[in-house]
Amino acid sequence: MLKIRVINGPNLNMLGVREPEIYGKQTLNDIEDLLRIEAQALDIQLDFFQSNHEGEIIDSIHGAYMENFDGLIINPGAYTHYSYAIRDAVSSVKIPCIEVHLSNIYVRDEFRKNSVVAPVCTGQISGFGSDSYIAALYVLYRRLNKKS
Ligand code: DQA
């Protein structure tokens, strides 16, 4: 059974309350529930982590390696745009990783257009709300099954 960890960074615990016109009305729990349903159909074991703290996110990425996870889905929140430490953590563990964003980061503020994490990820999915996470799950599922 494939094991995939879903990591959400700062302020994503506030989904539902936080700027719903940009991020939608779904809470993080709602998104996790949707992912659980998809994962069940694909026979994937999911694990969820959210933190507002950079070091904890890095520990969770390292932990995914120690615990033999097959894939990572990460929404690093604003850390996307400047955390070299999270980027280095992703490239250290060499676990296939998809970066996701609810909003389309290319049509918003100038500073959001650059991701320092995406270059070390397998790819990035941005702008589809909770479907960004679902799409990432399917992409990982397909890629990981091709390898085995
Ligand atoms: C976000 C986009 C980031 O720019 C922002 O800081 C977030 C959420 C998204 O999912 O659209 O916290 O990662």
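Read the numbers this way: they start at 1 and go in the same order the structure lists the ligands and their atoms.
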Identify the protein heavy atom lying closest to atom 5 (C) of ligand 1, giving its residue, its atom name and the separation to 0.1 Å.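 Of every protein heavy atom, R112 NH1, 3.3 Å lies nearest to atom 5 (C) of ligand 1.
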
Name the closest protein heavy atom to atom 11 (O) of ligand 1, giving the residue it belongs to and the distance to 0.1 Å.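 Among all protein heavy atoms, the one nearest atom 11 (O) of ligand 1 is S103 OG, 2.6 Å.
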
Exercise. Should the pair H101 and H81 be assigned to parallel (<30°), tilted (30 to 60°) or perpendicular (>60°) ring geometry?
Worked result: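 Rings of H101 and H81: parallel, under 30°.
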
Heteroatom proximity flag, [X] to ligand 1, N/O under 3.5 Å:
{"X": "R18", "value": "yes"}
{"X": "A78", "value": "yes"}
{"X": "H81", "value": "yes"}
{"X": "L102", "value": "yes"}
{"X": "R108", "value": "no"}

Below 4.5 Å, heavy atoms only, C-beta onward: do [X] and [Y] meet side chain to side chain?
{"X": "E38", "Y": "I134", "value": "yes"}
{"X": "I7", "Y": "N75", "value": "no"}
{"X": "D30", "Y": "S130", "value": "no"}

Can you tell me which portion of H101 lies within the under-4.0 Å heavy-atom range of ligand 1? Options are side chain, backbone, both, or neither.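 The answer is both, backbone and side chain.
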
Item to check | Mode of N75 contact toward ligand 1 - side chain, backbone, both, neither (heavy atoms, under 4.0 Å) | outcome: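 Side chain only; the backbone of N75 stays clear of ligand 1.
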
Q | Min heavy-atom dist Y79 to ligand 1 below 4.0 Å | A |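 No; Y79 lies far enough from ligand 1 that no heavy-atom distance drops under 4.0 Å.
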
| Can you get from F48 to L15 by hopping between Ile, Leu, Val, Met, Phe, Trp and Tyr side chains that sit under 4.5 Å apart? |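 Yes, one cluster joins them.
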
